[in-house]
Peer 1: 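What follows is a structure written as structure tokens; I'll ask about it next.
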Amino acid sequence: MGLKLEDYTGSGTFAHGIHPPGHKNLSQDEPVRVMPTPDTVVLSLHQNIGGPCEPLVKPRQTVAWGEIIGKGTSFVSTTLHASVPGIVQRPVRMTLANGRHMDTLPIKTEGEIPSGRGLWDEIFGGNWPVTGLDAYEPARISLAINEGGLVGLGGAAFPTHVKIAPSDKKPIHTLIVNGCECEPYLTSDYRLMVEAPWPIITGALLAGRSVGAKRIVIGVEDNKAPAIAALKRAAEGTGIKVAVVKTKYPQGSEKHLIQAVIKRQVPLGGLPSDVGVAMSNVGTMAAVARAVIYKKPLTHRVISVTGGGIVNPSNVLAPIGVSFGALVDFCGGLTPDAARMIAGGPMMGFAFSNPGTPVTKGTSGLTVMTRDEVKAGEETACIRCGKCVDVCPMNLVPTKIAMASRHQDIALSRRYNIMACFECGSCAYTCPAHIPLVQLIRAGKARVAVADRS
Amino acid sequence: MNVDDEKNKSAGGLKSSNLVQAWLVLVLAVGFGVSLAGVQLMLGPVIEGNKLNETLEKVPELVLGNLLAAKMAGENQTLEIVPRQVTVEKPGRNKFYSVYEARYQGDLKGWVVKTKGQGYADTIELLLGLSPDLHTITGLFVLDQKETPGLGNKIITDAWRSQFVDAPADRSLVVIKTGASRPGEIDAVTGATISSKSVTAMINTTVGDLRKPLTTGPSSAGKGGKNNG
Amino acid sequence: MKPIDEILPTAPVIHVSPSPHLVQTASSTRRMMVDVLIALVPVVAMSLFVFRGYALFQLAVCLGGCLLAELVFVKMRGRPSTLKDGSAIVTGIILAMSLPGTAPWYVGTIAAFVAIGIGKIIFGGMGMNLFNPAMVGRAFVMISFAGALAASGFEDVRSAVDAISQATPMNAYKINGVVTPLTHLFWGTTNGSLGETSALACLLGGLYLVIRRTASWEIPAGLIAAVLVLGGVADLAGPADGWTVLHHILGGSLLFGAFFIATDPVTSPLTPTGKFIFGAGTGMLIMVLRLFSGYPEGVMFAVLFMNALTPLINRWSIPTPFGGK
Amino acid sequence: MADLPTATERFINGILPENPVYRQLLGLCPTLAVTNSLKAAITMAGAVGFVLLCANVITSLIRNLLKPHLRIVVFTLTIATFVTIADRFLAAYLYQMSKTLGPYIPLIIVNCIIICRCEVCASKQSPLVAATDAVGQSLGFGIALSSIAAIREILGTGALLGLRIMPASWPDWVIMVLPPGAFLTFGLLLGTVNWITARRGGKKTA
């Protein structure tokens with residue numbers, strides 16, 4: 001199977017990978033619901049990969065919706081805005097879902113913002129031009145993105161202005177918009193593509209112009225036919241292509257989508273720009289369009305609240321900083337057999353236990369799994385069946401790395417390229433001996449990183 | 001222990017002197033050398049004798065058979081054994097055989113040939129007794145072998161070796177798996193066909209090689225190599 | 001307090017753990033063992049059909065021996081019983097299938113104890129062993145009691161079964177130059193070790209394993225390819241005595257070894273490249289042993305030798321990571 | 001000096017607590033090579049004992065005259081001499097045994113037990129202590145070799161010292177008299193000795 005797209009040499013897939021059950025039917029046909037503005041939001045000062053931001057507001061200060069409350073401290077860092085209007089409270093140190101302890105700015109809601117359909121229209125509705133975008137200078141686009149506080153909404157939360165900045169050193173020829181939502185359960189990007197394809201297209205055109213890409217392509221997996229149709233319709237006449245790639249985990253990984261679309265391998269430790277590609281998530285593109293054209297910052301995002309442990313699995317448009325507990329309540333609460341709350345999807349997401357944990361810009365979903373689903377098999381001895389080798393999308397030997405890591409053998413784990421692992425979890429999913437491979441490798445990576453520093 | 005300490009103190013001077021060290025090593029070396037020479041002088045002949053005896057004491061048995069050899073030993077008679085070396089020219093190389101001529105009161109009673117060849121595990125060394133006219137095999141002894149214990153090394157058993165006694169030497173012996181009945185057929189050792197075949201093949205080759213040098217007499221044997229006897 | 005799992009689910013109980021949170025529950029080590037057992041069905045059935053009581057007897061001895069050995073040795077180490085994981089059963093059946101039916105009871109018993117004790121437990125139990133346990137056991141008795149095994153087992157003239165009283169095809173060829181017809185080798189109506197006679201049964205079981213991905217296809221593929229190449233060369237170079245490369249493939253324990261012994265995951269390399277090298281190396285050694293050594297068959301020693309090389313092959317075949325040079 | 005073991009301690013230590021084979025893992029080359037029959041093992045142990053005794057006594061006698069950096073040279077010289085003497089004697093009076101033992105008698109020169117005893121004991125203590133130490137270590141070596149050889153000979157040939165002791169129906173475990181048998185037997189015995197020691201040690205602390 002090929003892409004059947006002119007100029008794109010990719011085969012639409014990559015080597016290895018797994019096919020976990022999708023469980024997308026729980027929420028894929030649920031139109032995005034708009035959550036009423038919560039009483040408080042808690043905004044972490046560290047919402048992205050890179051440096052945290054510095055608060056610009058004092059406790060008890062009144063802020064408006066979208067007002068800048070934090071400023072990036074470094075290049076790889078971005079602006080933070082109030083996602084609701086209200087009064088800033090004293091900073092609190094909290095544990096985020098990913099386990100990091102961070103200073104947060106709670107804001108007590110006071111004042112009105114559009115609600116329901118009104119809010120949706122405010123953010124995704126309106127007029128999304130596909131022509132006349134030449135008026136926007138590349139440098140201005142990047143600046144507007146930074147001012148909008150945009151980060152990658154797919155989960156990694158890399159500041160978007162860094163990715164989309166025009167660069168002379170590494171010319172970009174292709175912008176790939178990542179519409180692959182390969183994590184099981186999650187459907188937030190899917191719903192956005194179906195319901196609001198126009199801002200995505202506009203945003204992609206703007207981002208493409210900013211990086212100087214000659215080609216723009218949106219990669220979507222073949223299990224999302226309605227999204228493909230919607231995007232194709234919206235993209236008509238713009239030159240943007242939709243690449244239909246194979247449904248497989250982890251197709252949404254940057255490097256693997258590039259391989260699937262243009263058949264280029266991003267070098268180890270390198271970035272997509274090393275092969276002339278810029279990549280961003282579909283949700284980010286919609287936010288780019290809003291930030292550049294309407295000068296509106298990122299304050300809300302679509303979140304999938306799903307899994308067998310949620311009474312009414314849904315896709316929710318919610319302000320950043322809302323607590324996961326409030327999201328759960330909005331979706332009917334937890335079922336009695338709910339056993340694990342995960343920020344993100346079940347393959348790479350972070351489990352947490354405090355319902356007060358706030359949503360950050362990179363939170364693409366909340367998956368609540370049931371007791372039966374998380375029942376882990378008993379760990380037995382590795383019989384070296386090599387199934388983990390067969391599925392590793394990075395072409396590594398996970399069991400060797402994990403064992404080297406278990407025995408704290410840094411040299412051996414380096415020889416097996418431990419740092420190339422991006423913890424997608426394919427190996428641990430497949431392992432018949434139920435060895436916690438990812439956990440071991442993660443510990444090993446930390447150890448190697450420490451050794452590298454000293 | 002105190003005594004030791006005092007000794008050390010007094011020896012301190014000796015220990016640090018290079019000259020004393022040199023003399024010590026020299027004296028030791030000479031002492032050891034002399035004692036080794038003594039041992040060699042004393043035991044050398046015995047060892048050489050052992051080596052030769054190992055071969056020679058088998059000769060009567062191999063030429064005359066067990067009974068006759070025992071009888072001769074009982075009557076205190078001995079065979080005259082003349083060792084010689086026979087060289088056989090083969091394409092590309094020469095092959096040497098140690099041959100022992102067994103004579104009794106001047107009459108040629110038979111030959112004993114030392115031969116070696118590749119077995120299953122390692123080289124096998126054989127002593128082969130032949131009648132004077134080289135028509136029959138009169139005996140077989142395995143001098144050295146490293147065949148698999150329990151299988152291949154059964155070639156040293158009397159039972160297996162006795163098959164060769166009185167076997168015809170003027171045609172090739174054949175190994176068969178079980179039930180050798182006709183002359184010239186040899187039963188293989190169970191589970192060790194390779195070892196059995198190796199020994200038989202070595203015998204066939206040796207007899208073939210030596211037929212001409214030995215039957216044409218000692219004088220003509222010199223044609224292929226010099227007579228060392 | 002009861003453990004969390006035992007509390008009735010009347011209210012959500014949230015606990016955390018690192019990702020991934022999704023596990024493929026359908027696959028487990030036990031399931032893989034069961035797959036091997038299913039794949040062994042045609043082989044066992046064929047051996048029961050050809051050798052009747054002899055096969056039943058050998059199966060009982062080896063299976064009993066292996067289970068008892070596993071029980072005893074694991075207990076000696078003070079570990080919880082590992083009988084349930086099924087690996088001892090697999091070892092037992094493969095061992096029985098690799099022995100001739102006529103081997104006396106003590107051969108099977110000693111082989112079983114050596115297989116489990118020296119082949120597996122001494123290395124630290126399942127997953128740790130360097131050599132294929134069944135082959136360690138077989139090698140031990142093969143060297144110890146060569147007389148009672150392949151070398152002369154078929155000479156048991158008291159045997160009631162016709163097939164037993166003939167030489168194995170490999171021996172018949174090696175010693176007397178007799179070529180067994182291909183059809184006999186294919187269906188398995190010849191003498192030999194219990195499981196090796198029928199090429200058809202081995203192929204059926206092997207295909208099941210490969211399709212289930214319990215055994216990787218690379219090993220049998222590499223092995224058979226190497227035998228084809230070397231056997232083909234021998235065919236062209238050697239005298240036409242009727243023993244062709246096809247006889248090499250269908251005869252002896254080649255297919256049984258290729259599908260059931262060489263594919264033992266614990267003792268074979270991890271990566272596909274490594275597996276292919278392992279298979280090809282085993283195939284080459286088999287042909288070298290068959291053509292040039294004193295033994296008529298070389299599968300066991302070839303597999304054991306390549307087992308010893310497995311850690312090295314693993315080291316040679318570290319795959320280039322995605323995006324690496 | 002005062003805390004060096006006495007003659008009695010040296011003697012007892014050599015037999016089990018510091019057994020050269022099982023506890024120190026020294027002299028493994030002959031341990032593996034000549035233990036397929038008890039007779040060969042005893043002869044080997046005897047030869048090692050003779051060399052060890054002579055080397056220890058001579059080393060002890062000259063210990064006060066010797067500079068440390070020369071000691072290995074002198075040890076080797078001494079050992080080589082006595083090994084040659086032992087070898088010649090065997091060839092002269094036990095010709096068949098000498099053929100069986102083959103190169104392993106000359107190889108006693110590099111047997112680490114002897115160098116080790118010269119270094120650890122003889123070069124520090126009096127000839128009397130050195131002599132008892134040599135006897136103790138030789139006994140320990142002999143016990144180790146004999147235990148391995150006895151097991152291998154009985155299992156491998158059904159006999160001990162050439163006398164058949166197993167019933168006629170005993171199937172000889174041929175592998176036991178082959179080199180792999182040496183490794184297996186030695187490994188299992190070593191494991192057993194360690195296991196027993198560990199258990200006894202465990203009880204003591206408990």
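Within every chain, numbering begins at 1; the chains are lettered A, B, ... in the order of the sequence lines, protein sequences first and strands thereafter.
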Peer 1: With a 4.5 angstrom heavy-atom cut-off, could you sort out which part of A:Cys385 is near chain C: side chain, backbone, both or neither?
Peer 2: both

Peer 1: Nearest 0.5 Å please: distance from the CG atom of A:Asp372 over to the OG1 atom of C:Thr25.
Peer 2: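 A:Asp372 CG to C:Thr25 OG1: 10.0 Å, rounded to 0.5 Å.
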
Peer 1: Is the count of non-hydrogen atoms from other residues, nucleotides or ligands lying under 6.0 Å from A:Met403 atom CE greater than 12?
Peer 2: yes

Peer 1: Hey, does A:Val438 have a side-chain heavy atom less than 4.5 Å from the side chain of C:Pro18?
Peer 2: no

Peer 1: Which atoms form the tightest heavy-atom contact between A:Ala351 and C:Ser17, and what is the distance?
Peer 2: CB-O, 3.4 Å

Peer 1: When rounded to the nearest 0.5 angstrom, what distance separates CD1 in A:Ile383 from CG in C:Asp85?
Peer 2: 9.5 Å

Peer 1: Measuring from atom CZ of C:Arg213 to atom CG of A:Asp390, what distance do you get when rounded to the nearest 0.5 angstrom?
Peer 2: 5.0 Å

Peer 1: Identify the heavy atoms of C:Pro319 and A:Val397 that sit nearest to each other, and give their distance.
Peer 2: CD-CG2, 3.4 Å

Peer 1: Among A:Gly309, A:Cys421, A:Gly99, A:Gly349, single out the residue with the greatest number of heavy-atom pairs under 4.5 Å to chain C.
Peer 2: A:Gly349

Peer 1: So what's closer than 4.5 Å to chain C heavy atoms on A:Met341: side chain, backbone, both or neither?
Peer 2: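 For A:Met341, backbone and side chain are both near chain C.
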
Peer 1: Looking at A:Cys382, A:Pro346, A:Gly386, which makes the most heavy-atom pairs under 4.5 Å with chain C?
Peer 2: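 The answer is A:Pro346.
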
Peer 1: Tell me, for A:Pro393 versus chain C, whether the close heavy atoms (under 4.5 Å) come from the side chain, the backbone, both or neither.
Peer 2: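 The answer is the backbone of A:Pro393.
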
Peer 1: Check whether any side-chain heavy atom of A:Val374 lies under 4.5 Å from a side-chain heavy atom of C:His15, and answer yes or no.
Peer 2: yes

Peer 1: Does any non-hydrogen side-chain atom of A:Thr430 lie less than 4.5 Å from one of C:Ser27?
Peer 2: no

Peer 1: Please classify the contact of C:Ser87 with chain A as side chain, backbone, both or neither, using a heavy-atom distance under 4.5 Å.
Peer 2: neither

Peer 1: In terms of heavy-atom proximity below 4.5 Å to chain A, should C:Met126 be classed as side chain, backbone, both, or neither?
Peer 2: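 Contact with chain A is through both the backbone and side chain of C:Met126.
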
Peer 1: Side chain, backbone, both or neither: which part of A:Ile342 has a non-hydrogen atom closer than 4.5 Å to chain C?
Peer 2: side chain

Peer 1: Quick check on A:Thr335 against chain C: is it the side chain, the backbone, both or neither that has a heavy atom closer than 4.5 Å?
Peer 2: backbone

Peer 1: Measure across A:Ala433 and C:Thr29 and return the closest heavy-atom pair with its distance rounded to 0.1 Å.
Peer 2: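 Smallest interatomic distance, heavy atoms only, reads CA-OG1, 3.6 Å.
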
Peer 1: So, taking the atom named NE2 in C:His21 and the one named CZ in A:Phe350, what distance separates them when rounded to the nearest 0.5 Å?
Peer 2: 8.5 Å

Peer 1: Look at atom CZ of C:Arg77 and say whether more than 12 heavy atoms of other residues, nucleotides or ligands are closer to it than 6.0 Å.
Peer 2: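 Result for CZ/C:Arg77: enclosed.
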
Peer 1: According to side chain to side chain donor-acceptor pair (under 3.5 Å), does anything in residues 125-134 of chain C pair up with another residue at least two apart or in another chain? List the pairs.
Peer 2: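 Passing the test, one end in residues 125-134 of chain C: no pairs.
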
Peer 1: Is it the side chain or the backbone of A:Pro267 that comes within 4.5 Å of chain C heavy atoms, both, or neither?
Peer 2: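 Looking at A:Pro267, backbone and side chain both touch chain C.
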
Peer 1: If you count heavy atoms of other groups shown closer than 6.0 angstrom to CZ of A:Arg100, is the number above 12?
Peer 2: no

Peer 1: Using a 3.5 Å distance criterion without hydrogens, assess whether the side chain of A:Arg384 forms a donor-acceptor pair with backbone atoms of C:Thr267.
Peer 2: no

Peer 1: Considering only heavy atoms, which portion of A:Arg415 lies under 4.5 Å from any heavy atom of chain C: side chain, backbone, both, or neither?
Peer 2: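 Contact with chain C is through both the backbone and side chain of A:Arg415.
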
Peer 1: Does any backbone or side-chain atom of A:Ala428 lie under 4.5 Å from a heavy atom of chain C? Answer side chain, backbone, both or neither.
Peer 2: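 Looking at A:Ala428, backbone and side chain both touch chain C.
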
Peer 1: When you measure from the side chain of A:Asn395 to the backbone N and O of C:Phe322, does any donor-acceptor pair fall under 3.5 Å?
Peer 2: no

Peer 1: Among A:Pro436, A:Pro20, A:Ala420, A:Ala338, single out the residue with the greatest number of heavy-atom pairs under 4.5 Å to chain C.
Peer 2: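 That would be A:Ala338.
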
Peer 1: Nearest 0.5 Å, what's the CG-NZ distance between C:Leu270 and A:Lys400?
Peer 2: 6.0 Å

Peer 1: Is it the backbone or the side chain of C:Arg315 that comes under 4.5 Å from a heavy atom of chain A, or both, or neither?
Peer 2: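 For C:Arg315, backbone and side chain are both near chain A.
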
Peer 1: Taking C-beta and beyond as the side chain, do A:Arg442 and C:Ser19 meet within less than 4.5 Å on heavy atoms?
Peer 2: yes

Peer 1: Minimum heavy-atom separation for A:Asn417 to C:Pro321, with atom names?
Peer 2: ND2-CG, 3.3 Å

Peer 1: At a heavy-atom distance under 4.5 Å, which candidate from A:Met347, A:Lys387, A:Arg340 has the highest pair count against chain C?
Peer 2: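 Top count of heavy-atom pairs under 4.5 Å with chain C: A:Arg340.
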
Peer 1: Is it the case that atom CZ in C:Phe305 sees more than 12 heavy atoms from other parts of the structure closer than 6.0 Å?
Peer 2: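 Not more than 12 within 6.0 Å, no.
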
Peer 1: Taking the side chain as every heavy atom from C-beta outward, state whether C:Arg30 and A:Thr380 have any atom pair closer than 4.5 Å.
Peer 2: no

Peer 1: For atom CE of A:Met94, decide whether the heavy atoms of other residues, nucleotides or ligands shown that lie under 6.0 angstrom number more than 12.
Peer 2: yes

Peer 1: What parts of residues 251-259 of chain A touch chain C if we use heavy atoms and a cut-off under 4.5 Å?
Peer 2: A:Lys255, A:His256, A:Gln259

Peer 1: Could you pull out the closest heavy-atom pair between A:Val389 and C:Pro272, with the gap in Å?
Peer 2: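 Minimum heavy-atom contact is CG1-CD, 4.0 Å.
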
Peer 1: Which bit of A:Asp274 is near chain C, if near means a heavy-atom gap under 4.5 Å: side chain, backbone, both or neither?
Peer 2: neither

Peer 1: How many angstroms lie between atom CD1 of C:Ile318 and atom CD1 of A:Ile401, to the nearest 0.5 angstrom?
Peer 2: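 Between atom CD1 of C:Ile318 and atom CD1 of A:Ile401 there are 9.5 Å.
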
